[in-house]
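In this text, all values refer to a predicted model and were calculated from it rather than measured experimentally.
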Amino acid sequence: MGVGGFVARYTKNKTIAGILGILLGGIGAHKFYLGRPGMGILYLLFCWTYVPTIIGFIEGILYLVGNQEDFARKHDKGYQVPINY
């Protein structure tokens, strides 16, 4: 149970986003998963330059080593913050 009887609710998983960033970051799969289709299309359009692949790999690692709360605040639009009493 969370603080004050309220449990934090996540709609996006940082592990899935991290793995997608590492394996399929060059085509923007992690951006589509996180609900940013514009960025996903941009990654897809420039995938032939391999720049999105490098950026996606770095973003994937950052997602995996980062804190779940920080990830949720930044990337999860459906995240509900536990209320402190």
Side-chain angles (χ1 to χ4, degrees):
M1 201 104 220
V3 178
F6 182 76
V7 179
R9 192 187 84 153
Y10 305 104
T11 59
K12 300 295 179 189
N13 187 321
K14 76 177 189 110
T15 305
I16 293 174
I19 291 170
L20 285 172
I22 291 171
L23 298 179
L24 299 171
I27 59 171
H30 62 299
K31 295 297 184 182
F32 287 110
Y33 173 73
L34 293 174
R36 300 194 62 203
M39 287 298 294
I41 291 170
L42 191 65
Y43 276 53
L44 195 56
L45 288 174
F46 289 98
C47 68
W48 61 274
T49 66
Y50 294 105
V51 172
T53 303
I54 295 166
I55 295 171
F57 184 80
I58 293 169
E59 286 177 334
I61 291 174
L62 291 175
Y63 294 158
L64 291 174
V65 300
N67 184 346
Q68 178 66 33
E69 295 293 321
D70 294 336
F71 174 83
R73 280 189 204 103
K74 185 173 181 181
H75 301 289
D76 193 352
K77 291 180 176 74
Y79 172 65
Q80 292 181 351
V81 181
I83 301 169
N84 294 323
Y85 289 105

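Leu23 and Phe32 are members of different hydrophobic clusters when ILVMFWY side chains are connected at heavy-atom separations under 4.5 Å. Hydrophobic clustering (ILVMFWY, side-chain heavy atoms < 4.5 Å, transitive): Leu45 and Ile55 are in one cluster. In this structure, Val51 is a member of the same hydrophobic cluster as Met39, with clusters built from ILVMFWY side-chain heavy atoms closer than 4.5 Å. Linking ILVMFWY residues whenever their side-chain heavy atoms come closer than 4.5 Å, directly or via other members, leaves Leu62 and Ile16 in distinct clusters.
At most 12 non-hydrogen atoms from other residues, nucleotides or ligands lie less than 6.0 angstrom from CZ of Phe57. Residue Tyr10 places its OH atom among more than 12 non-hydrogen atoms of other residues, nucleotides or ligands, all under 6.0 Å distant.
Interatomic distance, Lys74 NZ to Glu69 CD, rounded to the nearest 0.5 Å: 15.5 Å. Distance check, rounded to the nearest 0.5 Å: CD1 of Ile22 to OH of Tyr63 gives 11.0 Å. One finds the CD1 atom of Ile41 at 12.5 Å from the CD1 atom of Ile27 (value rounded to the nearest 0.5 Å). Going from atom CG of Asn13 over to atom CD1 of Ile19 covers 8.5 Å, rounded to the nearest 0.5 Å.
At least one donor-acceptor pair under 3.5 Å links the side chain of Lys14 to the backbone N or O of Leu64.
Listed here is the closest heavy atom pair of Pro52 and Gly26: CB-O, 3.7 Å.
Annotation: salt bridge (charged side-chain N to carboxylate O under 4.0 Å, His left out) contacts involving residues 39-58, sequence neighbours excluded, are absent. Residue pairs meeting the side-chain hydrogen bond (donor to acceptor under 3.5 Å, both in side chains) criterion with at least one partner in residues 37-58, sequence neighbours excluded, are Tyr43-Glu59.
Taking the side-chain contact (heavy atoms from CB on, under 4.5 Å) definition, one finds that Lys12 meets it with Tyr33, Leu34, Phe71, Asp76, sequence neighbours left out.
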